[in-house]
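Worksheet: one structure, shown below.
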Amino acid sequence: MSRRFVILPSPLLGTATYAPLAASLTEREAPTAVASVPDGDVTPERVLAGFRAAVAEHGPTVLVAHSNAGYYAPAVAADLDLPVIFMDAALPAEGESETLLAPAAFAEFIQTLPIRDGLLPLWPLWWDRADIATLFPDEDWLDLVTSEGPRLAPAYFTTPIAVPRGWEARPAAYLAFGDTYAAELAFAERVGWEVRRESGHHLGHLAEPGRVAELVLELSSGLSRET
């Protein structure tokens with residue numbers, strides 16, 4: 001079966017870091033698009049609408065959700081009964097009908113960040129440049145992601161979005177980079193998803209797009225057999 005992907009990017013990051021993975025998948029005869037992040041006011045409602053519009057436009061057979069986009073993926077997938085590969089992604093709490101867009105500890109960290117004009121800094125500016133630079137191939141990549149990224153209001157993280165009932169029982173797989181999302185990986189294993197844990201860091205799809213593309217294709221093959 002021909003596989004087509006839509007990548008749901010983290011609204012904290014923007015879209016640039018996903019272009020190499022999309023290109024690598026497309027080169028492997030798996031056409032891939034990256035959903036956009038809203039310009040201007042980035043609210044959960046607008047993010048969800050943009051993700052749904054990308055799915056309607058590109059007609060994927062599998063979704064790939066990274067980081068914060070993992071909270072949205074169950075709702076987007078339910079619209080057209082699509083399987084999801086959660087890629088180092090957050091997950092809604094099991095059995096809940098809605099989810100906030102940050103776990104409690106992360107929400108506390110966000111409250112320590114400076115606010116200007118009612119908005120948080122760009123995501124790469126949340127940390128010292130020397131620390132965050134290790135996630136990027138080079139300084140140019142860091143500058144690009146910083147320049148194109150959205151600024152979010154603190155309320156973004158405290159606005160709930162709906163979660164479809166039984167989402168965890170739908171076809172899904174989990175691809176982890178390192179141990180940042182160890183609890184989510186353990187959850188995926190417990191509910192019977194196929195899982196992979198790769199060494200590396202949270203932007204593994206940018207560091208090794210070819211390797212990650214192969215893993216995404218491998219995991220999607222298993223999902224295709226389930227659907």
Side-chain angles (χ1 to χ4, degrees), residues 1-15 17-19 21-39 42-101 159-175 181 184 187-188 191-196 205 212-213 215-227:
M1 183 179 74
S2 175
R3 284 169 287 180
R4 303 180 306 280
F5 296 91
V6 163
I7 298 172
L8 306 182
S10 170
L12 283 68
L13 275 172
T15 59
T17 71
Y18 305 94
L21 175 59
S24 292
L25 286 165
T26 300
E27 289 168 0
R28 290 163 172 79
E29 300 183 353
T32 301
V34 181
S36 62
V37 174
D39 294 328
V42 181
T43 65
E45 295 82 0
R46 295 188 70 211
V47 171
L48 186 57
F51 286 175
R52 284 173 163 155
V55 169
E57 178 180 357
H58 298 288
T61 59
V62 181
L63 301 179
V64 179
H66 179 245
S67 194
N68 189 260
Y71 290 121
Y72 296 91
V76 179
D79 292 342
L80 294 173
D81 196 27
L82 294 172
V84 182
I85 297 173
F86 292 91
M87 184 174 70
D88 221 41
L91 298 174
E94 185 178 12
E96 299 294 332
S97 61
E98 61 182 23
T99 184
L100 300 181
L101 296 170
T159 301
I161 62 171
V163 179
R165 182 187 301 272
W167 68 272
E168 66 277 2
R170 299 172 53 80
Y174 200 96
L175 172 58
Y181 288 91
E184 287 79 0
F187 170 84
V191 298
W193 298 353
E194 189 169 0
V195 302
R196 295 287 187 278
H205 60 281
V212 173
L215 290 167
V216 166
L217 289 170
E218 179 184 332
L219 289 168
S220 71
S221 293
L223 292 174
S224 297
R225 289 193 294 271
E226 293 178 28
T227 55

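Both backbone and side-chain heavy atoms feed into the values below; hydrogens, waters and symmetry mates do not.
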Which atom of [X] lies closest to which atom of [Y], heavy atoms considered:
| X | Y | value |
| --- | --- | --- |
| V163 | P92 | CG2-CB, 3.9 Å |
| A188 | V195 | CB-CG1, 3.7 Å |
| V47 | P11 | CG1-CG, 3.8 Å |
| L91 | F86 | CD2-CD2, 3.4 Å |
| L223 | A173 | CD2-N, 4.2 Å |

For the residue pair [X] and [Y], establish whether any side-chain heavy-atom pair is separated by less than 4.5 Å.
| X | Y | result |
| --- | --- | --- |
| E94 | F187 | yes |
| L12 | S67 | no |
| V37 | P9 | yes |
| H66 | L13 | yes |
| L48 | I161 | no |
| E45 | T159 | yes |

Task: Criterion side-chain contact (heavy atoms from CB on, under 4.5 Å) against V76, the qualifying member of V6, V55, V84 - done: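 By the side-chain contact (heavy atoms from CB on, under 4.5 Å) criterion, V76 pairs with just one of V6, V55, V84: V55.
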
Open item on the list: Quick check on side-chain contact (heavy atoms from CB on, under 4.5 Å): which of V62, L63, T61, L21 does F5 satisfy it with?
Closed with: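 Of the listed options, the one satisfying the test is V62.
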
Task: Whether W193 and Y174 hold their rings parallel, tilted or perpendicular, with breakpoints at 30° and 60° - done: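 Judged by the thresholds at 30° and 60°, the geometry between W193 and Y174 is parallel.
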
TODO: Describe, in one word, how the ring planes of Y72 and F51 are oriented to each other, choosing from parallel (under 30°), tilted (30 to 60°) and perpendicular (over 60°).
DONE: perpendicular

Test your reading of the model: is there a side-chain donor-acceptor pair from [X] to the backbone of [Y], 3.5 Å cut-off?
| X | Y | value |
| --- | --- | --- |
| R170 | G166 | no |
| Y181 | L175 | no |
| R4 | G59 | yes |

Open item on the list: If the condition is side-chain contact (heavy atoms from CB on, under 4.5 Å), which residues does R46 pass it with, not counting sequence neighbours?
Closed with: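 R46: side-chain contact (heavy atoms from CB on, under 4.5 Å) contacts with P38, D41, T43.
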
Open item on the list: Using 0.5 Å steps for rounding, measure from the OG1 atom of T32 to the NE2 atom of H58.
Closed with: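 Going from the OG1 atom of T32 to the NE2 atom of H58 covers 10.5 Å.
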
Open item on the list: With rounding to the nearest 0.5 angstrom, report the CG to CD1 distance, L8 to I85.
Closed with: 11.5 Å

Open item on the list: Before you tell me yes or no, could you show the steps for R3 and L217 under side-chain contact (heavy atoms from CB on, under 4.5 Å), namely the whole-Å CA-CA distance, both residues' side-chain angles and the distance that decides it to 0.1 Å?
Closed with: CA-CA 9 Å; R3 284 169 287 180; L217 289 170; 3.9 Å; yes

